[in-house]
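The chains referred to below are lettered A, B, ... by the order of the sequence lines, with proteins before strands, and numbering in each begins at 1.
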Amino acid sequence: MALLALEGIEAAYGASQALFGVDLALGAGEVVALMGRNGMGKTTTIRVACGMMPARAGRVTFEGRDITRWPAHRVARLGVGLVPEGRRCFAPLTVEENLLAAARPGPWDRASVAELFPRLAERRDQRAASLSGGEQQMLAIGRALMTNPRLLILDEATEGLAPVVRQEIWRAIARLKAETGLALLVVDKSLKELARVADRAVILERGRTVWQGGMADLGRDVTDRYLGV
Amino acid sequence: SDLKVGFLSTLSGGGAGLGVDIRDGFLLALGEAGADDVEVVVEDTQRKPEVAVQVADEFIQREEVDVLTGIVFSNIALAVVPSAVNQGKFYISPNAGPSQLAGRGCHENYFNVAWQNDAMHEAAGAHANDAGYESAFIMAPNYPAGQDGLTGFKRFYEGEVVSEVYTRLGQTDYAAEIAQIRASDADVAYFFLPGGMGISFLKQYADAGVDIPLIGPGFSFDQTILPAVGDAAAGVRNTSEWSPDLDTAANAAFVESFRAAYDRTPSMYAAQGYDAAQLLLSAMETADVSDADAFREALRAAEFESVRGAFRFAANQHPIQDIYVREVVERDGVWTNVVVGPSLQDHSDVYGADCDL
Amino acid sequence: MTTILFIEQVLNGLQFGVMLFLMAAGLTLVFGVMGLINLAHGALYMVGAFAAASVAAATGSFLLGLIASLAAAAMAGAIVEIVVIRRLYRRDHLDQVLATFALILIFSEGTRWLFGSFPLYLDIPEALSGPVTLPGGIDYPLYRLFIIAVGLAVAGFLFWLIARTRLGIRIRAGEADREMIAALGVDISKLYTLVFALGAALAGMAGALVGAIQSVEVGMGEPVLILAFVTIIIGGIGSIKGAFVGALLVGLIDTLGRTLLPIAFGTVMEASAATTVGSALASMLIYILMAGVLIARPQGLFGAAA
Amino acid sequence: MRRETIINAGLAAGLLAIPLWAHVTGEIFTITLATRVAILALAAVGLNLALGLGGLVSFGHAAYFGLGGYAMGILAFHAQTYDPIFTWPFVFEGTKQMLVIWAVALVASGLAAALIGMLTLHTSGAYFIMATLAFGQMFYYLFVSWPKYGGEDGMAIYVRNDFPGLNTLDPIQLFVICYALLMAGLFVSWRIARSPFGLALQAARQNAERVETVGIRPFRIRLAAFVISGMITGLAGALMADLNRFVGPTMFSWHTSGEIMVLVILGGVARLYGPVAGAALFVLLEHWLGGVSDYWLAFVGALLLLVVLFARGGLIGSLAGREVAHD
Amino acid sequence: MTEPVLEIRKLSKSFGALRASRDINLTLLPGEIHALIGPNGAGKSTLIKQIAGNMAPDAGEIRFLGRDVTALDTVGRARMGLGRSFQISSVIAEFTVLQNVVLALQGARGTSYHLFRAVLKDREMTATARAAAGRVGLDDRLAVRAQDLSHGERRKLEIAMALALAPRAFLLDEPMAGMGAEGAAEMTRLLDRLRHEAPILLVEHDMDAVFSLADRISVLDYGEIIASGTVEEIRADPVVRRAYLGDDAEAI
Ligand SMILES: Nc1ncnc2c1ncn2[C@@H]1O[C@H](COP(=O)(O)OP(=O)(O)OP(=O)(O)O)[C@@H](O)[C@H]1O
Ligand SMILES: Nc1ncnc2c1ncn2[C@@H]1O[C@H](COP(=O)(O)OP(=O)(O)OP(=O)(O)O)[C@@H](O)[C@H]1O
Ligand SMILES: [Mg+2]
Ligand SMILES: [Mg+2]
C-alpha cells in the first residue's frame, strides 16, 4: 500500500484552475521527485496533499486512509512534514522558538538539528526575520524535521543554499533514506542531484501528471520535452 | 387629535436611564388623564446633538408637531431649542436649563418646568452656609455645566473656597482628587459629578475613609443612581426641587401610580416629565394650540398641581419654586432620599434679569 | 503641595497605572498574540462587571460574583471568537475593527435590554474595604492595594505564558503565519479560541474588580478602551512588558498632570482660569506623551522595529 | 457598460431625483434627509480615499469632520458677535460666506491631517488605527474643555450661512449645494484612483519597500493622500454644521469616526460610489429602525456584522460583483 | 582604465558582535558582470542592502556614478539609476504584471504626484512597460495579477521591474532562485544581454550561471572578501573550493 497517494486531483485558486488531474503515489521509504516547469502545479499539488488547500475533485489517501478533506494540522499529525516554497519561517520568532513551535517527540530534536546545521546553532537567539536567506532555508528544513515526520515534503528546499551546503543536504537526505526509511517528496531544480537520490519521478505539465516512472527511465527525450533541459 | 407632541430624548446608550424616566413620567400623566386628544411621537437622540437636530427637523418638517419636549442634556437642548422655537414651535423643558436660554436667549415659546441649571448648586451653597461650614472644597467636571455649577455654588456660599478642582468629563478614577480633599482639611466637600462619574466618586470616597462631609446637587443622588451607589451615599445631604417623600397630595399619588405602572421608585426626572405633561394638559383646557398666543398664555399661567408643591413661572418662563435639602437613607431595602428641610424658598434664577420677556 | 501628598499622588498614579494595565491586559494579550484589534474588549469588560454585579446581588458573595464574571466573559469571548472573529484572521485590520465595532453596539444594547438602563450595584467585599495606613502615615484603601497585587500577578502570568511556554510560542508563530503553523500539526483554531476566551476572561475580571469602585453601567468599557490604546501605543505593540510600562507611565503622568498642572498655572494666572486651563491641558497630557513617543520611537518604547 | 457604472449612475441620479420630487410634493424632511446623505457621503468619500486606495485605516477622521464643523461654527460665531477672531498679524473677521468658510475648513483640516499624518504614518496596521483614534480623541477633549466656543455645549448658529446667488434657507437649494460638492468630491477621487499618484498609493499599501526601490517615497505619497482625504472630510464637516445649524464636540468623538468608516464599509471599500450607497443605507436605517425599538442600535450592529462577514464588497460589491475593477 | 560605475570603499557593518561586512572594497565597471558569491550568511545580502540604501553602513563609503551616495536614501539612489531585485520576491501582489512594471516606470520618471492623469491610458508608458515585460518572457501574462503568478514567474517580474527603471547599474540578489532549469537558462541569456545596458552586481548560488556569466568573481566569507578574480582563478582556489564550492567547482 502506498504511503501517500493522490488520484485525479483537481484544484483551483478562486476561478482559475491550477490542477486538472494529478496522480502520484509514494511508497514507504521511497523518494519521489516531483518535476515540471515553472507554474505547472508542483507547489499546488503539495498544498493539496498537505491539506492546505481543498481538492475540487479526486482523492488523497495516506496509508489507505482517505484524508482528502482533512485540515492541515491533522494531516501533519499523521507524520507529514513540509518545507514550504519560500521558507515561511516565523519571522518574529527566534531560531530556537521556530524549532520549538514545531517540536514533536522523536529522534529529531534541537541537538540533532544543530548537528545537521551548525550555522543555526550559532544564530539560536536571532529572530528569523534577520537571518540570511540560506539560514532561513536551513531553519525551514530543521523545523520540518522537528515534527519527526514519516514523509518529508521538500518544495525547493535547497534554493538559495551555497553549493557545499546543498551537497551536504543531499547527502543527509540519502542517509536519512537509508537509515530511517524516511519517505520524501522532493521538488528541486537540480536534475543532477535528484537523479542521485530519487527512486521515481512524477512530471507535471499544465496541472496534469504527464509522465511517471523510475528515475533510471527518465530519458533525454522526456526531460527535453517536459523540463526544457 | 388636538395636540401633537414630539418627544425626543436620550433613550439608548449612556444616559438612557434619564430619558427613559422622563418619558415614562410624561406618558404616565397623559395616560392618567385619559388624554386621547394628545398624540405623542417618541424618538431617540442617542445623546448626540447632531442626531437630536435631525430628529427635531423630522418632528417639525414631517410630523408637524405643535410642541417638543423630552431632552435630558443641556448641550442637546442648546442645539435643538433655538431653532425649534424660532420656527414657531413650543418647547417644554422637562430637564436641563442652560443659562443661555434663561437669560438673553430666552424665548416666548420656551418653557422650563424643571429648573435653571444653577438652582441646585445655589441651594447647596445656601445649605452649606446654614450648616455652618466655613471652608469648602469644590469639584466638578471641566465642561460648561460643571463650570456653571461651581459658579452657582459660589454665588450663594459665604465661606472660604479652599480649592476648586476640575476633573475630566467621563473620568472614572478619583483617587488623586480624594487625596486632595483629604489634604485640604476643608469643612465640607461639594461635588457635582452627574451620572456614572458620581457613582464612581461616591464609592471611592466612602472606601477611602475620608471624614470630610460631602454635599452635592440632586443629580448625583437621584433614584436612577442611588441603588448603584448603595451605602456609600448613606447620610449625604443633597439639594433638589423634588423628593419621593415630599409631602403633597399630588406627589403621593404620583409616586404610587408610577410604582404601580413601572415597578420602581420614580426619579426626579420622572417627576419632571410628569409635570411637563401636566403643564401641557392644563394649557389645553383653556386654549387651543392653533391659537399660539392664547396657548402661550395658558402655559404661562401654569394652572396645574405640581408634584413638588407650589409652582409658578418667572418672567423668563423658568420656575419659581422651593429647593429642598434631602438626605440619603435606606427605606424598605431601597436607597432613597428624604426631605430634611427647605434650602431656598421661592427661588428663581439670576439670569432672568437679562431676559426681555 | 506637601511632600506627603506628592508621594501619595505618585502612589495613586502607579495604582491607576496598574489598574489601567489590568483593564488592558486582555486587550494586550489578544492584540499582541493574535494581532487582533478588538474594540469589543470594553464590551466584554462590561459583561464581566454586569455578571459580577447581578450574581453578587443574588448570592451576596463578591467572590461568587468574581467567578461569574470570569465565566460569563470567557463564554461570551469564546462564542464571539467562534461565530465572528474566527472568520476575520485572514482579513485585514479594517474588517476586524468594524466587526468588533458592531459587537460593541450589540453587546451594549443587549446588556441594556437584559439589565435595564440604570447602573447596577456592586460593592467592595467587607474584608477588603476601608483604608490601611502605610508607612509614612498615608491612609490608603486596602482594595486598591489588592488591585495592584492582582495587576502585578496578571502581568507576570501573561509574560510567562507568552514568552516562556510552548503554547505562547505556537500562538505567536500562528500570528506570523497561520497556514504554516497548521502545516506543522498545530490546531491553531482551537488555540485561538482559547486565547480569545482567556483575554475575554481577563477583561471580565477587570470589569468586576474595577467595577466595585466604579460605576457599573452600559458604556463603562469605552473610556477604558481609548486609554488602553494610548497605553499600547506608548508601550509598544505586542509587548506585555511594553503595555505594563506604558500603563504605569500613563497612570503617573495623568494623575500628576491632573493635580500639578492647575497648581503650576495658578502661579501665573488667576485661580479659576488656572484650574480650567490646567485641567484642560491635563486631559490632553497623555496624548501629548503619545505624540512624543510616536516621534521619537514610532514602534513604541518596547516594540520591535517593523 | 460595466454593471458598477450603471449602479453608480443610478445612485447619482436617484440622490438628485428624490429630493427634487420631494420639493415638488412639499416633503421638506425628505430633502433634509437627502442633504444629510450627500454630506455624510462626502465625508466618507474623503475617508475612502485614504482607506480604500491607501489602506490607511484612519479611525480618527472625526477630527477633520469636527474641524470643518468648527471652522464654520467659529467663523459664523464671530460674524454674529462682530468681534474679530484675531487681530495679529492681520485682522481676521468672522464671516457668514460659505465660500470663505469652506476655504478655512479645507485649510484647517488639511493642516491637521498633515500634522497627524506626519506623526502616525510612520506606523502601520493596528498601530496606525489606534494612533489615529487617540489623536481624534485628543481633539474631542480639547473642544470639550475649551470654554470660548461652547465647550461640551457646542454652538448653535441660528442663521444659515450665505452662498452667492442662492437662498440657503430653502432646503432644496442647500441640497443642491451639497450635492454639487459631493459630485466634485467623487470626481476628484475618481481621477485620483486612475492617476499615477493613485497607482503609487495603492502600491504603497501593499508593499512599501518595493515602492521605495523604484524611486517613490511611500511616506510622502501616503501623507499627500491623507491630507487630501482629511480635507474632503473637513469640507463635509462644514456642510454638516450648516445643515444642523449647530456644532458640538461630539463631531470629534470616536463614534463619529466609526460611523464614517461604517458608511464606507456598508457601501463597499475602494468603490467609487461606495460612500454614497453606504450613506444612503445608513440614513435610511437610522430613520426606520430608530422608531422600531429602543434597542435599534443592536440591529444596526447585527447588520454591520453581517456585511463585514458575508458581503465583503458592501452594497456595491453585492450588486456589482466582487472584483474591484482594474482597468 | 575606465571609471567604475559603482565603487565601495572600506565598508563595514556589524550586528552586535557579528561583523557582517568588514572593510569591503569592491568596484563595478561598465559592461561587466561582477559576481559575488560566498557561504550562507557571509554577508552578501547585507552588502546589497547597504549599496541599495536600505541599511546604513557603520563605516566606509559608497560611490555611484562618481558621486558619494553614502548619505542618500533608497529612493534617492533608485532615482539615480540603481536597479535592484530582492532575494525573496517582492512585487505588488494585487497589481497586474503590467501595473507592476508601470509603477516602476513612473518611479523612474518621477511622475508619481500627477493626480489627474489616467495612468494606464498613457500609450507611451504602457508600451515601454510591455516591452520590459516582454524581455523577461512575461508578454502573455500582462493582465495576470502578481499574486496569481507562479514562483518562477514572479522572479521574472522582479527583473522586469528593475529593467523598467532603465538603471545605470543592476543589483541582483539571487535572480535564478526558484527558476527551474529552463528558466535559469533563459535568465542567463537575458543577463548576458543586459550587461551591455548596465553593469551587474550579481549575487547567486547557481554556479552554472555564475561561471558562464561572470567577468569577475568576488568571494565573501564572514563579511570579508577572501578572494577576487576571474572564473578560472576562483574555481582553482582551494580555499574557495573547500569553503563554498565543493563539487560544484567541476560544474559546466
Ligand atoms: N495564490 C495563487 N492564486 C492564483 N493562482 C495561483 C496561485 N499560486 C499559483 N497560482 C497559479 O497556479 C499555477 C500553478 O502554480 P504552482 O505554484 O503550483 O506552480 P509550480 O509548479 O510550483 O511553479 P514554480 O516552479 O514556479 O514554483 C500557476 O499557473 C500559477 O499562476
Ligand atoms: N538585522 C540583523 N540582525 C542581526 N543579524 C543579522 C541581521 N541581518 C543579517 N544578520 C546576519 O548577518 C549575516 C549576513 O547575512 P546576509 O543576509 O547578508 O547573508 P548572505 O550572504 O546574503 O547569505 P545567503 O546566501 O544565505 O542569503 C547572517 O548571519 C545574518 O544572520
Ligand atoms: Mg512552486
Ligand atoms: Mg542573501
Side-chain angles (χ1 to χ4, degrees), chain B residues 8-14 16 19-20 23 41-64 73-86 96 98-101 105 117 141-148 166-171, chain D residues 22 26-33 35-36 39-40 65-66 69 137 140-160 169 171 237 240-241 243-251 253 255-256 259 283 286-287 289-298 300:
Chain B
L8 67 168
S9 194
T10 302
L11 300 173
S12 70
V20 167
R23 180 191 63 190
V41 273
V42 177
E43 262 190 66
D44 177 24
T45 64
Q46 304 169 47
R47 200 176 181 170
K48 293 179 188 159
E50 305 87 61
V51 176
V53 167
Q54 196 64 36
V55 172
D57 276 346
E58 182 183 358
F59 282 170
I60 294 168
Q61 295 170 356
R62 173 169 291 171
E63 303 286 347
E64 297 178 347
F73 299 99
S74 294
N75 61 334
I76 297 184
L78 284 170
V80 168
V81 171
S83 113
V85 292
N86 276 321
S99 54
Q100 293 94 319
L101 298 179
N117 281 357
N142 197 13
Y143 77 125
Q147 289 143 11
D148 288 354
Y166 287 104
T167 63
R168 182 177 318 152
L169 195 64
Q171 185 169 318
Chain D
E27 272 280 338
I28 297 175
F29 186 62
T30 306
I31 305 177
T32 309
L33 281 186
T35 313
R36 191 168 151 83
I39 296 171
L40 286 178
F65 194 66
Q137 246 356 61
Y140 173 74
Y141 282 117
L142 177 67
F143 277 87
V144 164
S145 49
W146 189 6
K148 168 130 197 193
Y149 297 113
E152 217 236 344
D153 287 348
M155 287 182 284
I157 303 300
Y158 302 128
V159 187
R160 206 162 261 158
L169 286 174
M240 188 56 101
L243 174 68
N244 290 340
R245 297 178 303 283
F246 171 80
V247 292
T250 46
M251 281 182 99
S253 89
H255 280 271
T256 308
E259 257 167 41
V283 168
E286 187 175 56
H287 187 60
L289 285 179
V292 172
S293 148
D294 274 7
Y295 308 109
W296 69 279
L297 277 174
V300 173

Closest non-hydrogen atom pair, B:Pro49 against D:Thr250: CD-OG1, 3.3 Å

Nearest 0.5 Å, what's the CD-NE2 distance between B:Gln46 and D:His255? 9.5 Å

Distance-minimising heavy-atom pair for B:Pro144 and D:Asp153: CB-OD2, 3.5 Å

Would you name the heavy atoms of D:Asn244 and B:Gln54 that are closest together and state the gap between them? OD1-OE1, 4.1 Å

Partners of D:Tyr141 by side chain to side chain donor-acceptor pair (under 3.5 Å), sequence neighbours excluded? none

Closest approach of D:Met251 and B:Glu50, non-hydrogen atoms and distance? N-OE2, 4.1 Å

Any non-hydrogen side-chain atom of B:Asp57 less than 4.5 Å from a side-chain atom of D:Arg245? yes

Roughly how far apart are D:Phe246 CZ and B:Ile76 CD1, rounded to 0.5 Å? 8.5 Å

Residues two or more places apart in sequence or in another chain: which of them pass side chain to side chain donor-acceptor pair (under 3.5 Å) with B:Ser74? B:Asn117

Side chain from CB out, backbone as N, CA, C, O: work out which of these in D:Phe29 comes under 4.5 Å of a heavy atom of chain B, or both, or neither. both

Before giving the answer on side-chain contact (heavy atoms from CB on, under 4.5 Å), spell out for D:Thr30 and B:Arg62 the whole-Å C-alpha distance, their side-chain angles and the decisive distance to 0.1 Å. CA-CA 8 Å; D:Thr30 306; B:Arg62 173 169 291 171; 3.0 Å; yes

